[in-house]
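Values below: all heavy atoms of this structure, side chains included; hydrogens, waters and symmetry mates excluded. By convention in this document, chain letters (A, B, ...) are assigned in the order of the sequence lines, proteins followed by strands, and residues within each chain are numbered from 1.
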Amino acid sequence: MSEGYLNQISRFLWRWLTTTNHKDIGLLYIVTSIYFFLVAGALGMLVRAQLTKPGNTILVGNEYYEAVTMHGLFMLLWFVSPLASGLANYIVPLQIGARDLAFPRLNALSYWLYLVSGLIALVSFFAPGGTASAGWTLYAPLTSDIYSLGKGLDLVGLAIILLSASVTLGTINFLVTIVKMRAPGMTWARLPMFSWTIVFTVLLMLWAFPTLIAAVFLLFLDRNFGTRFYESPLGGSYLWAHLFWFFGHPEVYILLFPALGIIADIISTFSRRQLFAKHIIVLGLSLGTALSFLVWVHHMFITGIALEIRKIQSFTTAIISVPFEMTVIAMILTLWRGRIWYTTPMLFAIGSIFNFIIGGATGVFLSSVPLDIAFRGTYWVVGHFHYIVVGVITFGLMAGLYYWFPKITGRMYNERLGKIHFVIAFASIHLLYMPWFFLMDMPRRIYDYAPEWAIMNLMSTVGALIFGASFLLPLINLTYSLWRGPRAPDNPWNAYTLEWLTTSPPPTHNFEGEPMITSDGRVVFIAANGGYSHHVHVEHQTLTPFGISLGALLFGLGLIYSPTLFTIFNLNVTLLSVVGVIVMVVSLLKWAWNDLHDRFTIPEPKALENWPLSGVDKVRSGVWVFLMGEMFLFGTLIGTWLFIRTRSLAWEPGYLSHDITIGLVNTFILFTATYFYLLGYLFIRRGSISGLILSMVMALALLVSFLLVKVVEWSHLVSVGYTLATGLQAQLYYTLTGLHGLHVLLGVPAIAYVIAKALRGGYTREEHKGVVEIGLYLGMVEMIWVFLFPMFYLL
Amino acid sequence: MERFRASLTIYTATWLILVGGAVLEAVFILNGIARWPELFVLGVSGFQTSLILLFYMHLRDEPISVKAMPVVTLLLLIALLAGAITSVLACTPYVSG
């Protein structure tokens with residue numbers, strides 16, 4: 001191999017491993033999600049192959065359950081949302097007139113964590129005992145170490161936690177970007193629908209994913225540390241169902257909203273009309289966002305939950321369809337009297353609306369308690385959500401891929417092949433899923449069935465084959481067009497939104513000049529202020545996000561594929577896992593080192609209309625968003641405590657099992673640590689560096705004292721036999737105070753960073769970024785303790 | 001200097017209220033003064049949480065504040081008041097758990 005060729009490869013790798021540009025990251029997301037789509041699709045095909053006729057033996061027993069489980073998880077978590085994320089990464093900054101996302105490094109970290117999480121989920125297939133097989137809902141107690149042997153499920157759990165971390169980072173990035181970095185004149189009213197739906201999507205992610213993290217974290221403890229949250233006779237399996245569906249139902253809208261945004265933009269463009277009643281659609285989606293957290297119990301109607309609760313949630317489930325009916329009607333009215341241009345994206349958008357009517361209507365049946373009880377465990381439900389996830393969402397995302405392909409690549413795709421793809425996909429999807437509504441008496445998740453269901457299953461499998469094969473067309477079409485397609489003009493569709501006013505593909509810095517929307521809606525470009533340039537992005541290439549994620553991957557692989565160093569409870573700590581942790585820590589230190597030396601600074605966006613974060617810089621805005629997510633994480637765990645506490649008849653009051661003096665001392669220490677930290681903030685505002693350092697040292701010492709007191713307290717409790725085996729009360733105590741202690745521990749390096757930066761003269765009276773943000777974090781840690789103290793020491 | 005002292009006073013007062021609240025909470029529970037302990041600690045925790053949030057969001061002349069959020073501020077003030085009233089009521093015969 002020639003040296004020049006090697007150089008080319010290394011340059012290629014370096015470029016993609018270190019990029020932080022939103023368009024690059026968007027492309028990485030799109031390509032990776034398509035890869036996971038192929039994996040999930042192949043699993044789905046295997047499932048359909050098994051169900052072609054009764055008595056098949058292609059996949060039986062646990063192998064079938066593994067395929068069903070991982071098909072669902074890969075499709076929902078590693079394909080649909082990430083593909084939407086990819087499009088959002090690429091398009092949203094262009095649509096709002098921004099240069100990049102607010103936090104480019106976090107964006108890169110989001111992507112690499114996503115990739116690593118998917119790889120870990122893939123590797124789980126090869127774990128001894130196989131991968132997860134409890135269904136994508138991971139119902140308890142099927143996930144206990146009695147029914148799910150081996151480490152495969154643990155790897156899937158780790159993958160879900162890493163993915164959730166990736167999602168949380170993405171949430172922060174998109175919210176701050178859309179709120180703070182819109183071009184002048186890009187008011188909320190002018191925001192394109194795709195960007196609007198991303199706002200609602202990330203809000204849902206912010207509130208839903210922490211619950212998933214908490215739920216999977218407890219599952220991880222159950223399987224590896226001997227706790228019994230989900231096996232408890234005090235409603236362990238109920239607890240999982242509550243936590244999972246509190247995440248799970250909003251997740252449906254997390255998947256749906258970006259597709260709806262794409263469809264709305266496309267319908268407006270190809271009807272040559274403004275979207276009908278856009279403000280009503282936005283209002284409807286905001287109602288849908290709020291209501292989505294009030295309907296989760298309809299997934300639990302068959303669990304025997306109280307009738308009053310079922311009645312309430314039956315009502316909320318019925319009314320949540322209203323905002324989406326409004327949206328569909330508004331889209332149809334946009335088409336009405338429009339001068340419609342039937343391009344491939346438009347056909348997919350119209351097909352998606354058609355499927356939405358079928359998928360939506362069949363879902364309304366499930367709001368009725370008696371009908372839900374009849375349908376819940378059958379193919380009716382499977383048919384309903386496949387119509388939504390594939391018929392609506394995947395169609396919508398395909399529409400988006402075709403729509404923005406010319407912008408992203410600078411090439412036109414073959415329109416005729418695109419239309420053939422649509423016709424085949426649209427026809428076959430009904431052959432694939434419509435029979436499932438006629439299988440309303442066939443139980444789901446079975447690999448063999450009675451002969452009377454054979455015809456419908458055969459039809460469905462034929463549909464699956466055609467539908468699956470239809471995706472070869474875009475694969476060929478788009479890949480070929482990427483190299484040989486005709487050059488695309490800047491705005492091939494005569495579309496209205498801002499991304500079409502730059503070149504195809506856009507330059508590194510997105511626009512020549514600063515876009516500004518005038519009061520009469522025209523877009524003008526003013527000369528660039530020099531704040532950003534191509535060179536800024538080159539300087540901002542960094543390997544640290546990749547390094548952190550690589551560490552996570554090694555850690556995950558180490559859980560099964562490495563010699564064991566030692567064992568904690570049931571968890572093997574291996575050489576590879578330790579190496580992974582070291583790689584992660586080194587990368588994090590490098591990140592902090594870069595910050596300490598101001599090596600990754602991006603100019604603050606101009607102070608424009610950015611309610612509700614007016615006057616707050618973007619880093620602080622990001623911290624507020626992050627803390628909101630943290631509140632939901634602890635809120636879920638406190639809710640778990642409440643759930644168990646109210647069911648337990650033999651709950652010993654806290655002050656009988658825990659030393660209240662120790663609790664009070666730690667309360668005092670934590671409050672005082674935060675007090676000293678804020679004193680430091682006051683000092684730096686006066687310009688007193690010594691005052692800042694002294695206060696920070698005090699705060700640091702107090703946080704360390706808090707942890708030391710905790711260690712002493714835990715040691716004492718363990719020595720008197722109060723362990724995880726003692727019961728649920730002890731398990732809750734160790735879990736919640738342990739997680740809180742971990743947050744306190746993270747505060748220690750954060751304060752050390754402030755001290756280090758102060759010592760090297762990084763702070764002045766005028767410029768002391770970072771001090772407040774870490775203070776906000778400590779405030780959150782303090783607030784959580786306000787609840788934990790009475791929960792575990794007084795009640 | 002005046003501003004520094006004023007801010008210091010607010011910081012110290014907030015810290016004292018938080019620490020004092022925790023001590024009183026423990027004393028009231030241990031001595032049975034709180035007739036409905038669960039409601040009482042919920043009131044105290046609600047009060048303390050709202051106070052901390054208000055502190056971070058609306059410190060006098062602080063750039064920490066998230067401005068233009070009157071609705072959130074109003075809600076926090078209501079929560080602060082509700083927390084205080086709840087914790088007091090939980091110690092009276094009117095609401096005995």
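- With contacts defined as side-chain heavy-atom distances shorter than 4.5 Å, the pair B/F40/A/L795 does not qualify.
- Counting heavy atoms from C-beta on, the side chains of B/E38 and A/M791 never come closer than 4.5 Å.
- Within the model, atoms OH of A/Y793 and CG of B/L30 stand 13.5 Å from one another, a figure rounded to the nearest 0.5 Å.
- Within residues 634-641 of chain A, no residue has any heavy atom under 4.5 Å from a heavy atom of chain B.
- Atom CD of A/E782 is separated from atom CH2 of B/W15 by 11.5 Å, given to the nearest 0.5 angstrom.
- Shown here for A/F671 and B/L18, the closest heavy-atom pair between the two residues is CE1-O, 3.4 Å.
- Shown here for A/L664 and B/A22, the closest heavy-atom pair between the two residues is CD2-O, 3.8 Å.
- The two residues A/L682 and B/Y11 make their nearest non-hydrogen contact at CG-CE2, 3.6 Å.
- By a heavy-atom distance cut of under 4.5 Å, B/S45, B/Q48, B/T49, B/I52 are the residues of residues 44-52 of chain B near chain A, going up by number.
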Test side-chain hydrogen bond (donor to acceptor under 3.5 Å, both in side chains) applied to A/Y675 and B/T14, step by step: CA-CA 9 Å; A/Y675 174 70; B/T14 308; over 6 Å; no
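- Using a 4.5 Å cut-off between heavy atoms, A/F789 contacts chain B through its side chain alone, with no backbone atom that close.
- In this structure, the portions of A/T672 lying under 4.5 Å from any heavy atom of chain B include both its backbone and its side chain.
- A donor-acceptor pair is defined here as one N or O able to donate and one able to accept, closer than 3.5 Å; no such pair exists between the side chain of A/Y655 and the backbone of B/A26.
- A/I660 touches chain B through its side chain: at least one heavy atom from C-beta onward sits under 4.5 Å away, while N, CA, C and O do not.
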